[in-house]
A.B. asks: 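Sharing a structure, written as structure tokens. Questions coming.
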Protein chains: 2
Amino acid sequence: MKIVTFNCNSIRTRLEAVMRWLEDHQPDILCLQETKVVDELFPADVFREAGWQVVFRGEKSYNGVAIVSREAADEVWFGLDEEPKDEPRMVHARFGKLHVVNTYVPQGRDIEHEMYAYKLEWLARLKAYFQKRFTAKTPLFWCGDLNVARHPIDVTNPKTKLDHVCYHPTIREAFEDVLEFGFTDLFRHHHPDLEDYSFYDYRVPFDPANKRGWRIDYVLATPPLAAKSVGAGIDIEPRARPKPSDHCPLFADVDW
Amino acid sequence: MKIVTFNCNSIRTRLEAVMRWLEDHQPDILCLQETKVVDELFPADVFREAGWQVVFRGEKSYNGVAIVSREAADEVWFGLDEEPKDEPRMVHARFGKLHVVNTYVPQGRDIEHEMYAYKLEWLARLKAYFQKRFTAKTPLFWCGDLNVARHPIDVTNPKTKLDHVCYHPTIREAFEDVLEFGFTDLFRHHHPDLEDYSFYDYRVPFDPANKRGWRIDYVLATPPLAAKSVGAGIDIEPRARPKPSDHCPLFADVDW
DNA sequence: GTATTGACTG
DNA sequence: CAGTCAATAC
């Protein structure tokens with residue numbers, strides 16, 4: 001099976017690109033973030049008419065998550081356990097025994113900003129969500145835009161990013177703490193030394209020959225799935241189009 | 001020769017469509033209105049690289065006129081004679097003995113609005129411009145978005161449009177008064193009974209089988225040119241595209 | 001409905 | 001740079 005995460009930065013703006021990606025790559029699961037649209041305006045019919053299942057939760061202008069799949073989910077939940085549940089940032093679907101949690105982790109704005117403390121807390125609450133329902137033996141994918149670069153290899157000029165909300169030591173520590181639940185970072189698992197990014201800030205001029213970006217999007221898997229993983233990668237193509245996106249799809253292939 | 005008028009509603013948005021129209025139809029003169037761009041940002045290089053001459057005068061967001069031609073104009077003027085000259089609404093070019101005046105006549109907003117009085121005045125000032133320089137014997141085209149439908153046949157449900165700034169009896173009278181300078185409406189000359197429109201309001205759902213629109217764009221010619229006119233028409237195609245335009249090119253063919 | 005701007009966000 | 005919104009115009 002193929003599972004993908006893609007921060008589409010407005011599903012309405014990126015709809016054609018997403019539909020083409022589905023058609024070309026035929027994934028089993030596509031996790032979307034930053035759909036930026038209320039549920040009434042989500043273009044569900046376009047997915048359904050093309051033969052895909054889709055569940056989603058959004059709000060006006062900001063956030064918004066969705067899971068597109070070939071097979072229908074058996075159960076779907078939105079948000080964390082306690083208020084604020086942040087439904088437009090988290091969707092959890094079950095497909096038989098397989099669970100998929102798709103998150104759009106708060107960016108954090110600034111190290112001093114209250115949203116950064118909220119981000120740290122958010123990751124802890126997500127870990128609690130996992131611990132309450134699953135064990136490391138559960139076949140579980142955690143996918144999404146996690147707004148954290150794990151290691152120096154995951155960001156350009158890491159030494160200059162130590163005060164950045166996506167690379168500060170405290171956020172990396174918080175991320176590692178959730179990973180200790182039992183997750184394997186499938187991209188890094190298959191490419192231990194590959195410097196490749198899933199996010200390119202629009203404000204940094206894009207140069208394909210000298211890429212400056214971040215790997216902040218992940219497909220993470222518990223041991224039963226990680227053991228069956230056969231490959232992973234990032235599709236750079238959407239960054240290089242006439243109407244480019246800042247994030248790129250990151251996928252994993254798993255013999256499941 | 002082929003001469004065309006097209007309100008492009010933003011030359012930057014419509015650039016590809018305009019270049020394709022030039023390539024496909026090879027007109028001698030193309031008059032554009034509502035280019036909606038200041039001169040510094042007008043995409044003149046695109047026209048020149050494709051082998052066309054272009055003169056233009058625009059402003060930010062509103063109005064803006066241009067004349068595209070295969071041969072270079074010998075002289076070019078912008079605006080009416082007195083202030084406000086409204087340069088982004090009027091360009092006059094001479095090609096040898098042939099004169100072309102391209103206007104974007106004020107829409108008028110509302111019968112009660114001061115812009116409607118300004119519109120009536122504007123047509124009178126334009127007539128004075130013609131009278132000062134030309135006679136009915138001058139080979140002269142007056143083209144553009146004139147924001148007036150002449151006759152009942154030129155608008156859908158005319159009886160409901162009598163209070164509209166583009167069909168009120170006073171504006172039609174003002175228009176006829178300018179036409180008395182000696183102009184022939186080339187489209188109507190060749191198609192005395194054809195109900196065809198050059199403008200379709202974006203807010204009215206477009207139904208190709210039941211068109212509801214306006215003929216407010218014109219190619220008008222003085223007698224020496226009208227006598228040589230061999231055909232005229234409206235190209236509906238641009239209204240039916242993925243990125244449709246509200247106006248359609250209206251052209252005339254003249255043995256000149 | 002489809003353009004424009006200007007302020008806001010990441 | 002590329003999304004969002006709320007005005008404004010036609």
Side-chain angles (χ1 to χ4, degrees), chain A residues 7-15 17 32-38 41 58-64 88 104-110 113 115-116 119 145 147 164-166 199-207 212-214 216-217 238-247, chain B residues 7-15 17 32-38 41 58-64 88-89 104-110 113 115-116 119 145-149 161 164-167 198-207 212-214 216-217 238-248:
Chain A
N7 177 321
C8 61
N9 191 359
S10 169
I11 186 56
R12 287 178 292 182
T13 299
R14 219 69 63 196
L15 186 56
L32 296 171
Q33 305 86 36
E34 285 208 90
T35 52
K36 291 188 176 177
V37 67
V38 291
L41 299 176
E59 64 187 271
K60 193 202 266 205
S61 298
Y62 300 110
N63 312 318
Y104 174 49
V105 175
Q107 193 260 1
R109 302 207 183 179
D110 191 277
H113 199 282
M115 279 303 286
Y116 185 67
K119 179 184 190 178
D145 177 353
N147 271 316
H164 193 287
V165 289
C166 297
F199 169 71
Y200 298 89
D201 193 313
Y202 280 131
R203 291 161 290 188
V204 177
F206 183 70
D207 177 1
R212 285 165 291 168
W214 300 71
I216 58 178
D217 300 278
R239 177 67 241 211
R241 264 191 242 257
K243 201 195 257 178
S245 56
D246 49 357
H247 289 256
Chain B
N7 178 320
C8 60
N9 192 359
S10 171
I11 187 57
R12 287 178 293 181
T13 298
R14 220 68 66 195
L15 186 57
L32 296 171
Q33 305 87 36
E34 285 207 272
T35 53
K36 292 188 176 179
V37 66
V38 290
L41 298 177
E59 66 187 87
K60 194 201 271 207
S61 300
Y62 301 110
N63 312 318
R89 288 188 182 274
Y104 174 51
V105 175
Q107 192 262 2
R109 301 202 186 183
D110 190 276
H113 199 284
M115 278 304 284
Y116 185 68
K119 179 185 189 176
D145 177 353
L146 309 189
N147 271 316
V148 189
K161 305 296 195 300
H164 193 288
V165 289
C166 297
Y167 191 66
S198 63
F199 168 71
Y200 298 90
D201 194 314
Y202 279 131
R203 291 161 290 188
V204 177
F206 184 69
D207 177 0
R212 286 165 290 168
W214 300 71
I216 58 179
D217 300 278
R239 177 68 240 212
R241 264 190 243 259
K243 200 195 256 177
S245 56
D246 49 357
H247 290 256
C248 297

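Keep in mind it's a predicted model, so treat the numbers as computed, not measured. Each chain gets a letter, A, B and so on, in the order its sequence line appears, and its residues count up from 1.
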A.B. asks: Roughly how many Å is it from CG in Asn9(B) to P in dT2(C), rounded to a whole number?
C.D. replies: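 For the pair Asn9(B) CG and dT2(C) P, the rounded distance is 11 Å.
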
A.B. asks: For dA9(D), take OP1 and OP2 only and decide whether either is under 4.0 Å from a side-chain N or O of Lys60(B).
C.D. replies: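 So the side chain of Lys60(B) is outside the cut-off, no N or O lying under 4.0 Å from OP1 or OP2 of dA9(D).
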
A.B. asks: How many Å lie between CD on Gln33(B) and P on dA3(C), as a whole number?
C.D. replies: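 Rounded to the whole Å, the gap is 17 Å.
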
A.B. asks: Under 4.0 Å between any heavy atoms, over every strand shown, what does Phe206(A) touch: base, sugar-phosphate, or nothing? Just pick one.
C.D. replies: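 Since no nucleic acid heavy atom lies under 4.0 Å of Phe206(A), the category is nothing.
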
A.B. asks: Checking the side chain of Asn147(B) only, and the main-chain atoms of Val105(B) only, is there a donor and an acceptor separated by less than 3.5 Å?
C.D. replies: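 Looks like yes, one N/O pair under 3.5 Å.
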
A.B. asks: Below the 4.0 Å mark, does dT4(D) have OP1 or OP2 next to a side-chain nitrogen or oxygen of Thr13(A)?
C.D. replies: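 Looking at the OP1 and OP2 atoms of dT4(D), one of them is under 4.0 Å from a side-chain N or O of Thr13(A).
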
A.B. asks: Nearest to the side chain of Tyr62(A), heavy atoms from C-beta on, is which of dT4(D), dT9(C), dC10(D)?
C.D. replies: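 The answer is dT9(C), which lies nearest to the side chain.
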
A.B. asks: Ser245(B) and side-chain contact (heavy atoms from CB on, under 4.5 Å): which partner among Ser10(B), Pro238(B), Cys8(B)?
C.D. replies: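 One option only clears the test, and that one is Pro238(B).
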
A.B. asks: Which listed nucleotide (dA3(C), dT5(C), dG10(C)) is nearest to the side chain of Arg109(A)?
C.D. replies: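 Shortest atom-to-atom distance from the side chain points to dG10(C).
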
A.B. asks: Under 3.5 Å, side chain of Tyr200(B) to main-chain N/O of Cys248(B), donor-acceptor pair present?
C.D. replies: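 Side chain of Tyr200(B) to backbone of Cys248(B): no pair is present.
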
A.B. asks: Looking only at the side chain of Tyr202(B) (C-beta and beyond, no hydrogens), which of the listed nucleotides dG1(C), dG10(C), dT8(D) gets closest?
C.D. replies: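 In terms of side-chain proximity for Tyr202(B), the closest of dG1(C), dG10(C), dT8(D) is dG1(C).
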
A.B. asks: Measure from the side chain of Gln107(A), starting at C-beta and using heavy atoms only, and say which of dT8(D), dT4(D), dG10(C) lies closest.
C.D. replies: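 It is dG10(C).
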
A.B. asks: With a 4.0 Å limit, can you tell me whether Ser10(A) has a side-chain N or O closer than that to the phosphate oxygens OP1/OP2 of dG3(D)?
C.D. replies: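 So the side-chain polar atoms of Ser10(A) never come under 4.0 Å of the phosphate oxygens OP1 or OP2 of dG3(D).
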
A.B. asks: Please check the phosphate of dA3(C) (OP1 and OP2 only) for any side-chain N or O of Arg14(B) closer than 4.0 Å.
C.D. replies: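 Yes, Arg14(B) has a side-chain N/O under 4.0 Å of OP1/OP2 on dA3(C).
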
A.B. asks: Sub-3.5 Å donor-acceptor pair from the side chain of Arg12(B) to the main-chain atoms of Thr35(B), do we have one?
C.D. replies: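 It does not hold such a pair.
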
A.B. asks: What is the distance from OH of Tyr200(A) to C1' of dA2(D), rounded to the nearest Å?
C.D. replies: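 Computing the Tyr200(A):OH to dA2(D):C1' distance gives 17 Å.
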
A.B. asks: Out of dA2(D), dT2(C), dT5(C), which has the shortest distance to the side chain of Pro244(A)?
C.D. replies: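 Minimum distance to the Pro244(A) side chain belongs to dA2(D).
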
A.B. asks: In whole angstrom, what separates Phe199(B)'s CZ from dG1(C)'s C1'?
C.D. replies: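 Between C1' of dG1(C) and CZ of Phe199(B): 11 Å.
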
